[in-house]
Structure formats: C-alpha cells, structure tokens
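Computed from a prediction, not measured in an experiment: that's the story for all the values here.
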Amino acid sequence: MKQSKFPKGWDEERVHRVLAHYEKQTEEEALAEDEVAYEDRTQTTIDVPVELVPAVRELIAKHQTSHHSKTTADNSG
C-alpha cells in the first residue's frame, strides 16, 4: 500500500482537524472567514494558468525561505 505524503508540518491528525473545522462550519461562518481573507492586504488572490502553478509555488517557497532567513537574522540580536 502506498504511504501518504503530507506537506512539511502536516500529518494525518492535522488533516482530520482541518476537515472537521470546515465540515462543522455554517454557511455564515464560511462567508465571514472568506471576507476576512479578502480584507488581508498582505496577500492577494489571482488566476494562474495551470502550467505555471509549479513555478509560482517555487517562487513562493523561495520568498518564504528568504523572508524567514532575513527575519531570523534581524531578530538574532
């Protein structure tokens, strides 16, 4: 049997918790959560051609790694 692979920081328990959260949500709660996400001025939502998704994910990962390294260096004293 094939073993499932989870993203870094995820495991089966976390997946179950996330699923439970969304399965218990009312429509009103889901709408409120979506509205909060759209009000976040630090992120945006865009349409990306499917064939570019791997490249976009790679750029995001590099940005997060670079940002994390800079933040760690800034906080080191």
Side-chain angles (χ1 to χ4, degrees):
M1 188 163 120
K2 184 178 176 184
Q3 186 177 10
S4 296
K5 289 187 177 182
F6 296 102
K8 185 176 180 179
W10 285 75
D11 58 19
E12 189 171 352
E13 180 182 340
R14 184 171 180 185
V15 170
H16 287 292
R17 284 195 318 265
V18 171
L19 287 172
H21 168 78
Y22 288 108
E23 289 172 350
K24 292 177 186 175
Q25 253 187 351
T26 65
E27 286 187 35
E28 293 80 16
E29 291 169 332
L31 180 60
E33 187 175 75
D34 290 346
E35 288 174 348
V36 168
Y38 284 116
E39 292 171 1
D40 182 353
R41 298 291 181 204
T42 65
Q43 298 190 29
T44 191
T45 303
I46 61 170
D47 290 325
V48 175
V50 173
E51 65 270 11
L52 294 179
V53 170
V56 171
R57 285 182 174 156
E58 185 176 335
L59 285 170
I60 292 169
K62 286 179 182 177
H63 173 76
Q64 289 173 337
T65 301
S66 171
H67 180 72
H68 177 45
S69 296
K70 184 180 182 310
T71 303
T72 303
D74 290 346
N75 292 332
S76 64

Where do T26 and E29 come nearest, in terms of heavy atoms and distance? N-OE1, 2.9 Å
Might you point out which heavy atoms bring V48 and V53 nearest each other, and give the distance in Å? CG1-N, 4.2 Å
Taking the side chain as every heavy atom from C-beta outward, state whether E58 and K62 have any atom pair closer than 4.5 Å. yes
Show your working on side-chain contact (heavy atoms from CB on, under 4.5 Å) between D11 and R14 and close with a plain yes or no. CA-CA 5 Å; D11 58 19; R14 184 171 180 185; 3.4 Å; yes
Give a yes or no on whether E27 atom CD has more than 12 heavy-atom contacts from other residues, nucleotides or ligands under 6.0 Å away. no
Residue pair V50 / P54: nearest heavy atoms and the distance that separates them: O-CD, 3.7 Å
Supply the atom-to-atom distance T45 OG1 to D40 CG, rounded to the nearest 0.5 angstrom. 9.5 Å
Kindly work out whether a path of hydrophobic side-chain contacts (I/L/V/M/F/W/Y, heavy atoms less than 4.5 Å apart) joins Y22 to F6. yes
Are side-chain heavy atoms of I60 and R57 found at a separation under 4.5 Å? no
